[in-house]
Amino acid sequence: MLTDIDFPMGTIYPDSLAEGDGSTCFLARLSEDGARRLGVIGDAAGFEQVDLIEDFALCPLTAHNAATLRARLPWLNPVPLGMQTSFGFGDRIGCATPGHVQALRQADPSGAVAPIFAQQSVRENARTGRTPQEVLDDATWGVIQVGWRGPWGADADHVKEVSDLAPFVAAGYTFYTVDPSDHVDNAAQTDSPDTLRHKTEALPWDTLQSSYPEMVSRYCAGSIRLDSLTLEFAEAILSRALAKYGRALAHTVTIARELAAR
């Protein structure tokens with residue numbers, strides 16, 4: 001039985017014990033220095049910096065070892081969550097995931113809410129000195145420590161530029177929150193009709209795959225019913241909305257296309 005393992009070097013996190021690809025893996029805290037280590041019984045091929053002590057291979061919690069472990073235990077990989085109700089925890093310090101799992105289990109015993117354990121914005125990573133890969137790996141170690149086996153996501157939060165995408169894609173993030181706020185034209189809220197006309201004419205219509213006449217035809221020809229809500233757009237209201245948010249929509253489309261290409 002997995003629970004019968006005698007580990008004299010420290011304490012095994014009991015919920016972390018898992019079997020995969022002919023080996024038993026677990027997370028342990030060593031008595032000597034209090035550090036956490038990945039333990040492997042059996043085939044330790046693929047792991048790096050392995051110390052063989054008695055029947056155990058002990059490995060540091062490196063990015064390479066996290067990737068090797070995710071390959072052996074597929075449930076450690078974040079997945080797309082689709083339209084399921086989810087909650088982003090946002091571990092800013094890299095060690096909070098076990099507590100987040102405990103909170104989720106207590107608050108949502110039915111499992112209706114899918115967790116997003118790895119969630120950091122580009123700005124937060126810059127301020128904390130962490131990388132998207134480090135955030136994902138920290139979440140991985142937390143997930144195995146407490147034995148979370150359900151689906152979980154990884155959110156690249158507040159992506160503002162195409163150049164932000166690469167490290168999140170490389171790390172395997174499954175959720176991308178685009179922040180186009182820098183491209184919102186707040187002055188359009190009070191611009192004159194002539195100014196609004198010039199701004200709408202100058203929008204990147206090729207990126208939006210539309211045109212101003214098409215927008216007028218689509219939204220101003222009649223009422224739009226949304227369940228119990230009815231919307232009506234006068235052309236003046238539509239023009240102001242396009243001038244204010246048109247470039248933000250185009251920027252979102254640009255990032256989405258680049259993400260799909262990657």
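Hydrogens, waters and symmetry mates are skipped; everything else that's a heavy atom, side chains included, is used. All residue numbers in this chain count up from 1 along the given sequence.
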**Student:** Say you draw a straight line from CG of L58 to CD1 of I53; how long is it, rounded to the nearest 0.5 Å?
**Tutor:**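 Answer rounded to 0.5 Å: 4.5 Å.
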
**Student:** What's the separation between atom CD in E134 and atom OG1 in T140, rounded to the nearest 0.5 Å?
**Tutor:**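 Spacing of CD (E134) from OG1 (T140) equals 12.5 Å.
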
**Student:** With clusters defined by side-chain heavy atoms of hydrophobic residues (ILVMFWY) lying less than 4.5 Å apart, directly or transitively, does M215 cluster with F233?
**Tutor:**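 In one cluster: yes.
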
**Student:** Heavy atoms only: give me the nearest F7-A28 pair and the separation to one decimal.
**Tutor:**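 Between these two residues, the closest heavy atoms are CE2-CB, 3.6 Å.
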
**Student:** Quick check for you: to the nearest 0.5 Å, what is the distance between Q102 atom CD and T97 atom OG1?
**Tutor:**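 Rounded to the nearest 0.5 Å, the CD-OG1 separation comes to 13.0 Å.
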
**Student:** Return yes if some donor-acceptor pair links the side-chain N/O of R240 with the main-chain N/O of Q189 below 3.5 Å, else return no.
**Tutor:**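 Between the backbone of Q189 and the side chain of R240 there is a qualifying donor-acceptor contact (under 3.5 Å).
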
**Student:** Check whether W148 and F175 end up in the same hydrophobic cluster, where Ile, Leu, Val, Met, Phe, Trp and Tyr are linked by side-chain heavy atoms less than 4.5 Å apart.
**Tutor:**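 Different clusters: W148 never reaches F175 through Ile, Leu, Val, Met, Phe, Trp or Tyr contacts under 4.5 Å.
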
**Student:** With rounding to the nearest 0.5 angstrom, report the CD1 to CG distance, I144 to L17.
**Tutor:**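 That separation rounds to 8.5 Å.
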
**Student:** Count I, L, V, M, F, W, Y as connected when their side-chain heavy atoms are under 4.5 Å apart, and connections chain through other members. Are I116 and V159 then in the same cluster?
**Tutor:**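 Not linked; separate clusters.
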
**Student:** Below 3.5 Å, can you tabulate the donor-acceptor pairs from side chains in residues 36-51 to any protein atom, sequence neighbours excluded?
**Tutor:**
| from | atom 1 | to | atom 2 | distance (Å) |
| --- | --- | --- | --- | --- |
| R36 | NH1 | Q145 | OE1 | 2.7 |
| D43 | OD1 | A45 | N | 2.9 |
| E48 | OE2 | T62 | OG1 | 2.9 |

**Student:** Does any N or O in the side chain of D227 come within less than 3.5 Å of the main-chain N or O of L229, such that one atom is a donor and the other an acceptor?
**Tutor:**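 Not a single qualifying donor-acceptor pair exists.
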
**Student:** Answer whether the closest heavy-atom distance between the side chains of V184 and K244 falls below 4.5 Å.
**Tutor:**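 In contact.
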
**Student:** Answer with yes or no whether the hydrophobic clustering places L208 together with V162; edges join I, L, V, M, F, W, Y residues whose side-chain heavy atoms lie under 4.5 Å apart.
**Tutor:**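 In one cluster with L208: V162, no.
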
**Student:** Do other residues, nucleotides or ligands put more than 12 heavy atoms under 6.0 Å from Y176 OH?
**Tutor:**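 Enclosed.
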
**Student:** Quick check: is L27 connected to M9 through a chain of hydrophobic side chains (ILVMFWY, heavy atoms under 4.5 Å apart)?
**Tutor:**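 Result: no, two separate clusters.
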
**Student:** Is the shortest side-chain heavy-atom distance between R130 and D138 below 4.5 Å?
**Tutor:**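 A side-chain contact under 4.5 Å exists here.
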
**Student:** When you compare the side chain of L259 with that of V178, does any pair of heavy atoms fall below 4.5 Å?
**Tutor:**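 Heavy-atom side-chain distance check fails, nothing below 4.5 Å.
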
**Student:** How are the rings of F117 and W152 set relative to one another: parallel (under 30°), tilted (30 to 60°) or perpendicular (over 60°)?
**Tutor:**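 The arrangement is tilted - the two ring planes meet at 30° to 60°.
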
**Student:** What's the shortest heavy-atom distance between G90 and Q120, and which atoms?
**Tutor:**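 That would be C-NE2, 4.1 Å.
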
**Student:** Within a 6.0 Å radius of atom CD on E201, are there more than 12 heavy atoms belonging to other residues, nucleotides or ligands?
**Tutor:**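 Yes - once you tally the heavy atoms of other residues, nucleotides and ligands closer than 6.0 Å, there are more than 12.
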
**Student:** What are the two closest non-hydrogen atoms of G88 and Q119, and how far apart are they?
**Tutor:**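 Shortest heavy-atom separation between G88 and Q119 comes out as C-OE1, 3.1 Å.
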
**Student:** Suppose the criterion is ring pair (Phe, Tyr, Trp, His ring centres under 6.0 Å): which pairs have a residue in residues 243-262, not counting sequence neighbours?
**Tutor:**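 For residues 243-262: H183-H251.
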
**Student:** Can you see whether S192 engages D194 through a side-chain donor-acceptor pair at a distance of less than 3.5 angstrom?
**Tutor:**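 The answer is no; no qualifying pair exists.
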
**Student:** Is it the case that over 12 heavy atoms from other parts of the model lie below 6.0 angstrom from the CG atom of D55?
**Tutor:**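 It does not: D55 CG has 12 such atoms or fewer within range.
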
**Student:** For the residue pair T230 and S223, what are the closest heavy atoms and their distance?
**Tutor:**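 What the structure gives for the nearest pair is CG2-CB, 3.8 Å.
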
**Student:** Return yes if some donor-acceptor pair links the side-chain N/O of N125 with the main-chain N/O of V122 below 3.5 Å, else return no.
**Tutor:**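 No; judged by distance alone, with no hydrogens or angles, the pair does not exist.
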
**Student:** For C25 and L69, work out which heavy atoms get closest and say how close.
**Tutor:**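 The answer is SG-CD1, 3.8 Å.
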
**Student:** Where the side chain of T177 meets the backbone of H158, is there a donor-acceptor pair that is under 3.5 Å apart?
**Tutor:**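 Answer holds: no.
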
**Student:** I need the Y212 OH to T200 OG1 distance, nearest 0.5 Å.
**Tutor:**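 Interatomic distance, Y212 OH to T200 OG1, rounded to 0.5 Å: 5.5 Å.
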
**Student:** Side chains of residues 77-87: which donor-acceptor pairs under 3.5 Å do they make with residues two or more places apart or in other chains?
**Tutor:**
| from | atom 1 | to | atom 2 | distance (Å) |
| --- | --- | --- | --- | --- |
| N77 | ND2 | R70 | O | 2.9 |
| N77 | ND2 | P74 | O | 3.1 |

**Student:** Taking D137 for its side chain and W141 for its backbone only, find out whether a donor-acceptor pair lies under 3.5 Å.
**Tutor:**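 Checked: no pair found.
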
**Student:** D164 side chain to K160 main-chain N or O, any donor-acceptor pair under 3.5 Å?
**Tutor:**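 Checked: pair present.
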
**Student:** May I ask you to decide if R72's main-chain N or O and D21's side chain share a donor-acceptor pair within less than 3.5 Å?
**Tutor:**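 No; judged by distance alone, with no hydrogens or angles, the pair does not exist.
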
**Student:** Taking all non-hydrogen atoms of both residues into account, name the closest pair between Y13 and S16 and its distance.
**Tutor:**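 The pair with the smallest heavy-atom distance is O-OG, 2.6 Å.
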
**Student:** Do S23 side-chain atoms and G20 backbone N/O form a donor-acceptor pair below 3.5 Å?
**Tutor:**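 At least one qualifying donor-acceptor pair exists.
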
**Student:** Atom CZ of residue position R127 - does it have more than 12 heavy atoms of other residues, nucleotides or ligands inside 6.0 Å?
**Tutor:**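 No - once you tally the heavy atoms of other residues, nucleotides and ligands closer than 6.0 Å, there are 12 at most.
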
**Student:** As an exercise, state the distance from CZ of R123 to OG1 of T128, rounded to the nearest 0.5 Å.
**Tutor:**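 Reported to 0.5 Å precision, the distance equals 11.5 Å.
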
